[in-house]
There are 2 protein chains.
Amino acid sequence: MSEDGNAVRTPGPEMETVHLLRRVSVEFGLRQGEFAARHGMHPTDVRALICLLDAARSGTPATAGWLGAQLGLNSAGTTALIDRLVRLGHLTRVRDTDDRRRVLLAVDARAVELGQEFFGPWLTGMVELLRTFDAREAAAVRRFLLGAHAALAREDGGAA
Amino acid sequence: MSEDGNAVRTPGPEMETVHLLRRVSVEFGLRQGEFAARHGMHPTDVRALICLLDAARSGTPATAGWLGAQLGLNSAGTTALIDRLVRLGHLTRVRDTDDRRRVLLAVDARAVELGQEFFGPWLTGMVELLRTFDAREAAAVRRFLLGAHAALAREDGGAA
DNA sequence: CACATTACCTCGCTGAGCGAGATAAAATAG
DNA sequence: CTATTTTATCTCGCTCAGCGAGGTAATGTG
């Protein structure tokens, strides 16, 4: 049944919602690209900034290798990416004093501003929309997104 | 208060959910990249296939220009992208008989299979998760995603 | 029929990201 | 305490995705 060619053609309300989530992701990628172009960056640079800001938010120490893994880049590409962000003044390399092989990435305040300029309005809109939800509805949204994240986190999607 | 530097540091359950959606989008992008690498394609090629399958699903006629707009590419890049997909046998160029300037993009059955191979497991997991939701919860998820999509569709996010 | 517009393609170039391999610090063995 | 392995990052050379500029059909307009 998983190889049923008609699978994409059986709509159903659930499928509709899933496609909507996918659509949101696509749209999100487009906004990233526009933001990148507007600031003389490449889409990857913006994605890197996003990861770095997330890391800062959650207190995860961001190293070069970690960033590369987040973005699916090899070490050469990661070095080039960091060079670009450093050149633009968004990032500073800081040798880890505990393990001096490691390079910690310190996000500049300017990059944080850029991130908020990018996410701010959208984020605010989303938050305000969520405030119109009652507790059970908000929990449902959270539960769905957690499930989606979990499904995507394992690359086989849960089935071979 | 919108320029409050502490905005990202005031968690709140709503903010958490919004960050989760963002995280899902990032993860989604990573899966695309992995799928692309596994099939000798580039991330953009996969995104193109996604757009083309969406267009096919909704009956939108997919032209070269339309695809370029969807992906934020200029005409030269779009031509190169289509050449790549044609060379891989995922796509066929078909001159529109009504307006012979236009090139319609016919997605090959093989590409549809690839798309389902990619989305299938994940899609199924999501749909099954949604089936555990009651009507109001499912509606809440849909409402949130619609709102997110609407916010992202206007590049200023609804505020300057 | 001229003339503007639209839709796509060709050409040449820049640079993002890859593979291979170097280097340096840390962990482990002997 | 030296030799070896492992880990984390960087350097070098190359390929090819995507851009800008410009060309060529097809369509629409007076």
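Residue numbering restarts at 1 for every chain, and letters A, B, ... go by the order of the sequence lines.
- Across all their heavy atoms, V141(B) and A140(A) have their closest contact at CG2-O, 3.9 Å.
- Atom CH2 in W66(A) sits about 12 Å away from atom P in dT9(D), given to the nearest Å.
- Counting any heavy atom pair closer than 4.0 Å across all strands shown, G33(A) reaches no nucleic acid atom.
- In terms of heavy atoms, G89(A) sits closest to D108(A) at O-CB, 3.4 Å.
- At whole-Å resolution of the value, CD in E34(A) and P in dC19(D) are 13 Å apart.
- Counting any heavy atom pair closer than 4.0 Å across all strands shown, A80(B) reaches no nucleic acid atom.
- Between R95(A) atom CZ and dT9(D) atom P there is a gap of 8 Å when expressed in whole angstrom units.
- When distances are taken from the side chain of D99(B) to each of dG19(C), dA26(D), dC11(C), the shortest belongs to dA26(D).
- Atom CG in L104(B) sits about 14 Å away from atom C1' in dA26(D), given to the nearest Å.
- Atoms CG (D83(B)) and P (dC8(C)) sit 13 Å apart, rounded to a whole Å.
- Listed nucleotides: dA17(D), dA21(D), dT9(D). Nearest to the side chain of A64(A): dT9(D).
- Listed candidates were dC19(D), dA7(C), dT27(D). Nearest to the side chain of R100(B) is dT27(D).
- At a cut-off of 3.5 angstrom, the base of dC8(C) holds no donor-acceptor pair with the side chain of T79(B).
- Among the atoms of the strands shown, none is found under 4.0 Å from any heavy atom of D96(A).
- Using a 4.0 Å heavy-atom criterion, one finds that T63(B) contacts the sugar-phosphate atoms exclusively.
- Put simply, the side chain of S75(B) and the base of dC8(C) share no donor and acceptor less than 3.5 Å apart.
- The 12-atom threshold is not exceeded at CZ of R100(A), counting heavy atoms of other residues, nucleotides or ligands nearer than 6.0 Å.
- Atom CG of L73(A) is separated from atom P of dG19(C) by 11 Å (rounded to the nearest Å).
- For the residue pair Q70(A) and C51(A), the shortest heavy atom distance occurs at CB-SG, 4.0 Å.
- Mapping T78(A) and D98(A) onto DNA chain C by nearest heavy atom places T78(A) at the nucleotide closer to the 5' end.
- Per the geometry, CE belonging to M41(A) stands 14 Å off C1' belonging to dA16(C), to the nearest Å.
- At a cut-off of 3.5 angstrom, counting only N and O atoms as typed in the model, there is a donor on one side and an acceptor on the other between the side-chain of R101(B) and the base of dT6(C).
- Annotation: side chain of L129(B) is not in contact with side chain of E14(A) (no heavy-atom distance under 4.5 Å).
- Between R84(A) and the phosphate of dG17(C), there is a side-chain N or O to OP1/OP2 separation shorter than 4.0 Å.
- For the pair N74(B) and dC19(D), the criterion of a side-chain N or O lying under 4.0 Å from OP1 or OP2 is met.
- In the set dG18(D), dG17(C), dT5(C), the nucleotide with an atom closest to the side chain of T44(A) is dG17(C).
- In this structure, CG of L67(B) is placed 10 Å from P of dC8(C), rounded to the nearest angstrom.
- Between F133(B) and F144(A), the ring planes are perpendicular. Angles over 60° get that label, and only those under 30° would be called parallel.
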